There are 2 protein chains.
Amino acid sequence: MTTPARSRQRGPYARSAERREAIAAAVLEIVVEKGHRGVTTAEVAERAGAREPTVLYHFPSKDHLLVAALRRSDEEQAEADDGGDSDAGLPERLRAFADSVTRRAGVLRLYAALAGEATTPGHPAQEYFAQRYAATVARHARMIERRQEAGLAPPGLDPVQVARQFLATWDGLQLQWLADPSFDLGEVLVAAFRRLTGEDRREARASLTETES
Amino acid sequence: MTTPARSRQRGPYARSAERREAIAAAVLEIVVEKGHRGVTTAEVAERAGAREPTVLYHFPSKDHLLVAALRRSDEEQAEADDGGDSDAGLPERLRAFADSVTRRAGVLRLYAALAGEATTPGHPAQEYFAQRYAATVARHARMIERRQEAGLAPPGLDPVQVARQFLATWDGLQLQWLADPSFDLGEVLVAAFRRLTGEDRREARASLTETES
DNA sequence: GTCTATAGAGTGATAGAC
DNA sequence: GTCTATCACTCTATAGAC
């Protein structure tokens, strides 16, 4: 209203929320292009149309910047999976997700690297991972409970324990796959899900019966 | 034998193999004490009784240094588990190992962080992880085969696939545990092993029989 | 509260002599 | 193989304008 936007590349006094968004977007962009090791506060500032100290005003350290990129990536991912809250075709959805992972190696690397760093007390990513683990475990646990109620999963399982195991398998398999993509990530993941939740027992029972006894 | 060691702190012209060892040991020491973020080439040099360029002569970059620490840690670990090659008390051994993990958080963090980095092509840790994954998967697969032959595990399983899943679960659970050590790592790990290998089926069968049919 | 300008401490890494 | 000397660059901190 006061002054018309000057035709500078570095927009003057962009509202803070926009700035934060622009900065986070810039970080994610660099992560995808060059990997997180290629992120420098200088380039982030450049791409966000700001100066370095401005960047560090919004995110007090480089690690905070990286966490912001992870958060932003999560949001984009969440938008992508919008509709499917049904547990119905779960194995299919798993497989689909595993496929999408293929294209986002840069983010996965960042996720893995930060997951390691984040476990040191006081690290900026600590809260992010604590929340993320807790939320994911809770979500998976609820899903397993529903499957138990539906008779798909055996009632003896501890849903939280299985949820933890499944999350762990997921993260670990991604790592292995990134290191050597010679196996079908979706397939191995779905198989692990079936075994961990005991949903392979129907088929297993037959082969078991003919094996022992 | 030839010349007695001179009583200088910075040994002059220590044989190269010794230098490498001293440097790797210094890195591991710092990792355990302060975490891998606390590793600086300067301090490594100091602890190894050498100068910085000497350190970087043997290990051309900081990442190489970190890999060296990981390798050295593996060796120490291997010595510790020397005797137990029997598959007999495997769950017990798993549990014991999971306990020992508790005391080596620094190394685990480094492992996790590097595992993420290592997936970028050309990274110094790439080879280490490729070898380690391959060796671990092969070792676990052999173990599962033996258990299949012994009638402990169902014959329908793909040993390599299960081995992958188990390794993944292991790595992932360590991460979760480091982020929030509120659960019993050994217990969850053993349970995952049982389910992934189908060795919980005997017990499961009973509960299954009374559940369905 | 939001940003710009400037500056500094510390890092990994290199060139080249011994 | 080991060292001295040096560099380029990154993250971060401070002072102050709007």
Side-chain angles (χ1 to χ4, degrees), chain A residues 1-6 8-24 26-27 30-31 34-69 113-114 117 122-125, chain B residues 2-3 5-6 8-24 26-27 30-31 34-69 110 113-114 117 120 122-125:
Chain A
M1 294 297 182
T2 52
T3 31
R6 291 205 264 152
R8 276 209 267 163
Q9 185 164 10
R10 184 162 45 256
Y13 293 41
R15 289 223 328 289
S16 186
E18 294 170 19
R19 269 274 142 105
R20 281 185 68 93
E21 284 304 305
I23 291 168
V27 180
I30 300 173
V31 167
K34 318 189 191 177
H36 61 107
R37 287 297 262 274
V39 173
T40 68
T41 52
E43 187 171 358
V44 170
E46 191 187 331
R47 295 214 194 192
R51 296 294 182 190
E52 229 175 322
T54 304
V55 169
L56 290 163
Y57 167 77
H58 290 286
F59 301 93
S61 85
K62 182 179 172 177
D63 284 327
H64 289 86
L65 284 173
L66 294 176
V67 175
L114 269 193
E117 316 268 9
H123 191 282
Chain B
T2 52
T3 33
R6 289 209 265 151
R8 275 211 266 164
Q9 184 162 12
R10 181 161 45 253
Y13 292 40
R15 289 222 325 290
S16 188
E18 294 170 18
R19 271 271 144 107
R20 282 185 69 93
E21 285 303 307
I23 291 168
V27 180
I30 300 173
V31 167
K34 319 187 191 179
H36 60 105
R37 288 296 263 276
V39 173
T40 68
T41 53
E43 186 171 359
V44 171
E46 190 186 332
R47 296 212 193 193
R51 297 292 181 190
E52 234 174 319
T54 305
V55 168
L56 289 165
Y57 166 77
H58 290 285
F59 301 93
S61 83
K62 182 180 172 175
D63 284 327
H64 289 87
L65 283 173
L66 294 176
V67 175
L110 169 58
L114 268 193
E117 315 267 9
T120 83
H123 191 283

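In what follows, chains carry the letters A, B, and so on, assigned in the order in which the sequence lines appear, proteins first and then strands, with residues in each chain numbered from 1. Only a predicted model underlies this, so the values are computations on that prediction, with no experimental measurement involved.
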Checklist entry - Counting any heavy atom closer than 4.0 Å, what does B:Val55 reach on the DNA or RNA strands: base, sugar-phosphate only, or nothing? => result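 The residue B:Val55 makes no contact with any strand.
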Checklist entry - Does the side chain of A:His58 get closer than 4.0 angstrom to OP1 or OP2 of C:dC3 through an N or O atom? => result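 True: A:His58 side-chain N/O within range (under 4.0 Å) of C:dC3 OP1/OP2.
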Checklist entry - Are OP1 or OP2 of D:dT10 and a side-chain N or O of A:Thr40 less than 4.0 angstrom apart? => result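 A:Thr40 to D:dT10 OP1/OP2: no side-chain N or O under 4.0 Å.
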Checklist entry - How far apart are the closest heavy atoms of B:Ala69 and B:Leu110, and which atoms are they? => result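 Shortest heavy-atom separation between B:Ala69 and B:Leu110 comes out as CB-CD2, 4.4 Å.
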What nucleotide, of [options], holds the atom closest to the side chain of [X]?
X	options	value
A:Ser61	C:dT4, D:dT12, D:dC3	D:dT12
A:Ser16	D:dA5, D:dT14, C:dC3	C:dC3
B:Thr41	C:dT4, D:dT2, C:dG12	C:dG12
A:Thr54	D:dC3, D:dT12, C:dT4	C:dT4
B:Leu56	C:dT14, D:dG1, C:dT6	C:dT14

Next on the checklist: Once rounded to the nearest 0.5 Å, what's the spacing between atom OH of B:Tyr57 and atom CD1 of B:Ile23?
Outcome noted: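 It comes to 10.5 Å.
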Rounding to an integer number of Å, can you tell me how far [X] [atom1] sits from [N] [atom2]?
X	N	atom1	atom2	answer
B:Glu46	C:dG12	CD	P	14 Å
A:Arg37	D:dC9	CZ	P	18 Å
A:Lys62	D:dC11	NZ	P	4 Å
B:Glu117	C:dG12	CD	P	14 Å
B:Tyr57	C:dA17	OH	P	17 Å
A:Glu52	C:dT6	CD	P	14 Å
B:Glu43	C:dG12	CD	P	11 Å
B:Arg51	C:dA13	CZ	C1'	17 Å

Next on the checklist: Between A:Arg19 and A:His58 (side chain of the first, backbone of the second, donor and acceptor by atom type, cut-off under 3.5 Å), is there such a pair?
Outcome noted: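 Looks like no, no N/O pair under 3.5 Å.
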Checklist entry - Is B:Lys62 reaching over with its side chain to a backbone N or O of B:Leu56, donor-acceptor style, under 3.5 angstrom? => result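 Answer holds: no.
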Checklist entry - If we ignore angles and hydrogens, is there a donor and acceptor under 3.5 Å between the side chains of B:His123 and B:Thr120? => result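 No donor-acceptor contact under 3.5 Å links the two side chains.
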